[in-house]
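Below: the structure, in structure tokens.
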There are 2 protein chains.
Amino acid sequence: MPPVNLKRLAQELNLSIATVSRALQDSHEVSAQTKERVKALADALGYQPNAYASSLRRNISKTIGVVIPEVNNHFFSLAINGIEEVARQNGYHVLIYLTHDDYEREVDITQYLTGGRVDGLLMSVASGSQDFGHLQKLYASKPAIVFFDRVCDALNTANVTTNDYESGYLATKHLLEAGCRHIAHLLLSGNLSIGRMRMQGYQAALQEHGLPFDETLVLTGYGDDEQNTELITDLLRSRPEIDGIFASVERLAISSYQACHNLGLAIPETIKIIGFSNLGVASLLAPALTTITQPAYEIGKEAARILLRAIEKKKPILPSQSLTLKSELFARKSTARG
Amino acid sequence: MPPVNLKRLAQELNLSIATVSRALQDSHEVSAQTKERVKALADALGYQPNAYASSLRRNISKTIGVVIPEVNNHFFSLAINGIEEVARQNGYHVLIYLTHDDYEREVDITQYLTGGRVDGLLMSVASGSQDFGHLQKLYASKPAIVFFDRVCDALNTANVTTNDYESGYLATKHLLEAGCRHIAHLLLSGNLSIGRMRMQGYQAALQEHGLPFDETLVLTGYGDDEQNTELITDLLRSRPEIDGIFASVERLAISSYQACHNLGLAIPETIKIIGFSNLGVASLLAPALTTITQPAYEIGKEAARILLRAIEKKKPILPSQSLTLKSELFARKSTARG
DNA sequence: TTTATCTACGTAAACGTTTGCAGAGGTGAG
DNA sequence: CTCACCTCTGCAAACGTTTACGTAGATAAA
């Protein structure tokens, strides 16, 4: 059985390939009658245009790439949800790449993507990244890029983030008002602007309460959860005065719980914990975890919208299109006053 | 600046396009010296082959599609992790599509995919699907398909699943041995073989303990979590004799917790709960949730391996290549003896 | 009548790659 | 010297689309 492509349709209808192609695109250059005939046969034979031929010819792939550290994380999975939603509504396909917070992988991936495979890119930078040379190369090579959450300041494009400074400030203030005086701050990387912002909020709140900023209370975690639990356990053991933890990442909040369990520290009596998290079951934890929750789904949607709009209009993305959404603080048991 | 493609390289090197193409593929038909020259320039100019031209010509896209109900679910996000891992190692790209357990969307998506956009497909069927006509059409249209977890028996291909009958049996038995006598079973769809298997295991365990199978204790949930919580709350209110819940899906286990909280039912004292789940924080819940945990990451990896092997060898996938991995039961507080 | 305009279709080139075939030049055997 | 063979390279077609351009016929304006 011959494949069902334009040529096949054209032959069966005694038309030229051009006319068939135009008919399927509802071109005004084709008579209504012919359009009918073409569409009827196309439906009957189940014609599906060859995406690669079309992409090649038009230099448009109707595909976007999503490059993120991990997917097994509520923030990112919700973001993907939003991205996929918007993409689908606009007839775009979504390619997914995971960096596992590894710099090397991120470099590899960005290289694949310079081939025009995608029309645009949504990205959240790996915490392990130090320089952004690979991103600049990628940026120069064409596709529109929008960063979300973990942004890269070095590129002249739009970012979709949350009010990280304010959130860091409020989280810390929340702990202070609950009575904490020695607050540890856990984060993944000091290189990312997102981490710096939260850190600055943390410092501002401390200062406002007349407390010194103690560098040794800042812990930078790795990718591996067990390793992080280990690190946090060590920190808590060696610094028994710590009475509050501000975790900048969901995973570190969980590891903190584990560490406290290990050491038999009572939450919130002897130590209070607040963390960035999109964990749906935060309220069901023992004890319920106080969270700063980012609107992950909306972030994904907005980032995708900015990207697709730029692609469709063939206009470059301007930093002025950046968006800042608000996170929300849900006070729960883990930071209740002793 | 002219684009950097084969033509450009050929011109600068005074070679033909054909020779350049062959050189980059390490063809034995090109002299070592020429290969060197070509590769050097390609590197220098940052040449990236046009994926669409290549796909068009070779009729191979080096891309697989992943069609799943949702991504905000630990089982699927871990599976994606495994899939992406294997795909990347083999130079494949991963397109992702979410059905949100909606039949219509699944039909739409399968239609996109009949265009030769992907070389193969990994799929977990939407719980809302009733007939599989769309899948049969898709199957007929070419690409290799491997189902995982939520399989479609109607197609003559390989499935990667877990020991669902056994798991359903063991979960129920676990509750029975903990003292439960009125066990509700929550699931998403009775149409999927996976649901039927677990249900049969549930029934077998009941029978073994001389207990009758009570249809009214079986609850079929929807997509929306709040709605499910509502349903479960109603069930528990109207049937106070229920002293055990076997949730066939992570989300239903969580909703069960919510329902118990709403009603002030003590877990595990008055009611015990076990659920299929890949929730990392299961042990941190109040109380810690007894789970049957599927090896989601391995499932993703194995499914991807079977698929890619078939693609590379251009051989059809046989049902005999199906794999059954083992789930593990983690007994925790939520099913402890009163 | 001629000329212009419009409609509906066809011709052919182009997108960038891969690959069958041919051929030029060199080497070795008879 | 001839013939065969091997090495390296080029020519050109093909993959399935899209689209600039051309054109035949019809209609309308002059």
Side-chain angles (χ1 to χ4, degrees), chain A residues 1-39 41-42 45-63 91 112 114-119 141-142 314, chain B residues 1-39 41-42 45-63 91 114-119 141-142:
Chain A
M1 187 151 75
V4 37
N5 49 26
L6 290 184
K7 193 201 275 188
R8 165 95 178 276
L9 293 179
Q11 280 173 349
E12 305 224 356
L13 292 166
N14 265 323
L15 288 171
S16 74
I17 292 178
T19 302
V20 175
S21 172
R22 279 189 278 248
L24 292 172
Q25 300 175 65
D26 252 338
S27 162
H28 62 277
E29 295 188 81
V30 177
S31 73
Q33 192 192 354
T34 305
K35 277 186 199 172
E36 279 305 319
R37 288 210 305 144
V38 172
K39 287 180 183 172
L41 185 64
L45 297 184
Y47 168 74
Q48 280 292 127
N50 181 302
Y52 296 109
S54 177
S55 294
L56 174 61
R57 175 57 222 248
R58 304 186 27 193
N59 202 23
I60 276 175
S61 65
K62 282 277 181 182
T63 304
Y112 296 148
T114 51
R117 187 180 285 272
V118 297
D119 296 336
S141 95
K142 276 210 255 193
K314 294 175 192 283
Chain B
M1 189 150 72
V4 37
N5 49 26
L6 289 185
K7 192 201 274 188
R8 166 94 179 278
L9 293 179
Q11 280 171 350
E12 305 225 354
L13 292 167
N14 265 324
L15 287 171
S16 74
I17 292 178
T19 302
V20 174
S21 172
R22 278 190 276 247
L24 291 172
Q25 300 175 67
D26 251 339
S27 162
H28 63 277
E29 296 187 83
V30 177
S31 72
Q33 193 192 352
T34 306
K35 278 187 197 171
E36 279 305 317
R37 288 210 305 144
V38 172
K39 287 180 183 172
L41 184 65
L45 296 184
Y47 168 75
Q48 281 292 125
N50 181 302
Y52 297 108
S54 177
S55 293
L56 174 60
R57 175 57 222 245
R58 304 186 23 189
N59 201 24
I60 277 175
S61 64
K62 281 278 179 183
T63 303
T114 51
R117 187 180 284 272
V118 296
D119 295 336
S141 95
K142 274 209 255 191

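All values below come from the heavy atoms of this structure, side chains included, with hydrogens, waters and symmetry mates left out. Model, not experiment: these values are computed from the prediction. In the text below, chain A, chain B and the rest are named by the order of the sequence lines, each starting its count at 1.
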B/Arg22 (side chain) donor-acceptor with B/Val30 (main chain) under 3.5 angstrom: no

Provide, to the nearest angstrom, the distance between the [atom1] atom belonging to [X] and the [atom2] atom belonging to [N].
{"X": "B/Arg117", "N": "D/dT17", "atom1": "CZ", "atom2": "P", "answer": "13 Å"}
{"X": "A/His28", "N": "C/dA8", "atom1": "NE2", "atom2": "P", "answer": "10 Å"}
{"X": "A/Gln33", "N": "C/dC9", "atom1": "CD", "atom2": "C1'", "answer": "13 Å"}

If we only count heavy atoms from C-beta on, is the [X] to [Y] side-chain gap below 4.5 Å?
{"X": "B/Asp119", "Y": "B/Thr63", "value": "no"}
{"X": "B/Ser54", "Y": "B/Pro49", "value": "no"}
{"X": "B/Leu6", "Y": "B/Leu24", "value": "yes"}
{"X": "A/Ser21", "Y": "A/Gln25", "value": "yes"}

Heavy-atom closest pair, residues A/Val20 and A/Ala10: CG2-CA, 3.7 Å

Minimal non-hydrogen separation, B/Tyr52 against A/Val118, with atom names: OH-N, 4.5 Å

Bend angle of the helix from C/dT1-D/dA30 to C/dG30-D/dC1, from helix axes over five pairs at each end, nearest 10°: 60°

Phosphate-side-chain proximity, A/Ser55 and D/dT17, N/O vs OP1/OP2 below 4.0 Å: no

Base versus backbone protein contacts along nucleotides 10-17 of chain C [heavy-atom cut-off under 4.0 Å; B, S, -]: BB-BBBBB

Any residue meeting salt bridge (Lys or Arg N to Asp or Glu O under 4.0 Å) with B/Lys39, in chain and number order, not counting sequence neighbours: B/Asp26

